[in-house]
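Working notes, beginning with the structure itself.
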Amino acid sequence: MSVVGSPVCTPDWLALREPADAAARSAELAGLAARRAPAVVRDLGCGSGSMVRWLAPKIAPRIAADGAAAPARWVLHDRDPVLLDRALADLPPGVDAQASRGDLTALRAADLAGTSLVTASALLDLLTADEVDALAAACAGAGCAALLALSVSGDVAVSPPDPLDAELAAAFDAHQRRTVDGRRLLGPDAGPVAAEALARHGMTVVTRPSPWRLGPGEAALAEEWLRGWVAAAVQQRPDLDREAGRYLRRRLVAAGAGVLRVTVGHVDLLAVPR
């Protein structure tokens, strides 16, 4: 199916989605996290730095005993050195940040010592239940809050409606829950699983919806998302290949005509020590 391509976690894809991410994330939960005046913020799976660019300006500097302003210090954590370099090269003015390269699934409470706030964006759905539980235990053990944004929820609406919407959505969700190298990914179950794990480890948890709402102004992102959505569905259900190709062509025509609307459900979560 030559018309279908799949966006990957490249700098170009991250740049394309950054405005939609910023518009979707819960400003309410960010405000609650910022009011805690975190001294050290660790951003897990930072990518090219969209979370620090979005959240850092919302965090007012702490005032030290001598009256001097002390802005939060950021630790940007990712496995990809190229993305880390990009993130450090495009920080908001006045932000102090350092890179930490490595596997975030190996983090434990001792690694988060001194951290006030853990953040992540579009990450939890790529983890397993055990990995999310370990992250929850680490945050609780270190006594730090967690702001975990943009976990896919499985709620997708594409307009105008099409008879193949529901079948592709179900295949995509199954693909998101696939097993990779022995790891069963959480996909759209990530939000509820993370909320339960954090609460079980003694955190107070608040969640809010954070959907992408894509219209003609976000046509480029909607088109790339559609290509990836359909490609993943076909990978899960190869029998859908021919119909999915026709579906995608119909959708791209609608996007070109300025009538396509896409809502992609996500959930944001804030957990704080009790």
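Using a cutoff of 4.0 Å between basic side-chain nitrogens and carboxylate oxygens, Arg17 and Glu224 are not scored as salt-bridged. With respect to the salt-bridge test (charged N to carboxylate O, under 4.0 angstrom), the residues Asp165 and Arg251 qualify. Arg237 and Asp239 are joined by a salt bridge, as a carboxylate oxygen and a charged side-chain nitrogen come within less than 4.0 angstrom of each other. Checked for salt-bridge contact, Asp103 and Arg79 miss the test: no charged N lies under 4.0 Å from a carboxylate O. Salt bridge Glu223/Arg227: absent, no basic N to carboxylate O contact under 4.0 Å. Taking a cutoff of 4.0 Å between a charged side-chain nitrogen and a carboxylate oxygen, Arg213 and Glu218 do not qualify as a salt bridge.
Applying the salt bridge (Lys or Arg N to Asp or Glu O under 4.0 Å) definition to pairs two or more places apart or across chains, those involving residues 26-43 are Glu28-Arg208. Applying the ring-ring contact (aromatic ring centres under 6.0 Å, His included) test to every pair with at least one member in residues 65-102, sequence neighbours left out, gives no pairs at all.
In this model, a donor atom of one side chain and an acceptor atom of the other lie less than 3.5 Å apart for His201 and Asp133. With hydrogens and angles left out, the side-chain atoms of Asp155 and Ser153 include a donor and acceptor closer than 3.5 Å. Under 3.5 Å, the side chains of Ser210 and Asp268 contain a donor-acceptor pair of N or O atoms. Between the side chains of Arg25 and Ser50, a donor-acceptor pair is found at a separation under 3.5 Å.
Ala232 and Phe172 make their closest contact through CB-CD1, 3.6 Å (heavy atoms, listed as atom of the first residue, atom of the second, distance).
Between atom CG of residue Leu32 and atom OG of residue Ser26 there is a gap of 8.0 Å, rounded to the nearest 0.5 Å. Taken to the nearest 0.5 Å, the CG atom of Leu14 stands 6.0 Å off from the CG atom of Leu83.
The backbone N or O of Arg73 sits nowhere less than 3.5 Å from a side-chain atom of Asp96 that would complete a donor-acceptor pair. Checked by atom type and distance alone, the side chain of Gln236 never pairs as donor or acceptor with a backbone atom of Ala233 at under 3.5 Å. A donor-acceptor distance shorter than 3.5 angstrom exists from the side chain of Asp111 to the backbone of Arg108, with no hydrogens or angles considered. No donor-acceptor pair under 3.5 Å is formed between the side chain of Arg200 and the backbone N or O of Ala137.
Looking at heavy atoms from C-beta onward, Cys139 lies in side-chain contact with Cys144 at the 4.5 angstrom threshold. Looking at heavy atoms from C-beta onward, Leu124 lies out of side-chain contact with Leu186 at the 4.5 angstrom threshold.
With respect to Leu29, the side chain to side chain contact (heavy atoms under 4.5 Å, CB included) criterion is satisfied by exactly one of Leu270, Thr207, Leu148: Leu270.
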Ignoring hydrogens and angles, write down the donor-acceptor pairs under 3.5 Å from the side chains of residues 254-261, residues two or more places apart or on other chains.
{"residue": "Arg261", "atom": "NH1", "partner": "Gly258", "partner atom": "O", "Å": "3.4"}

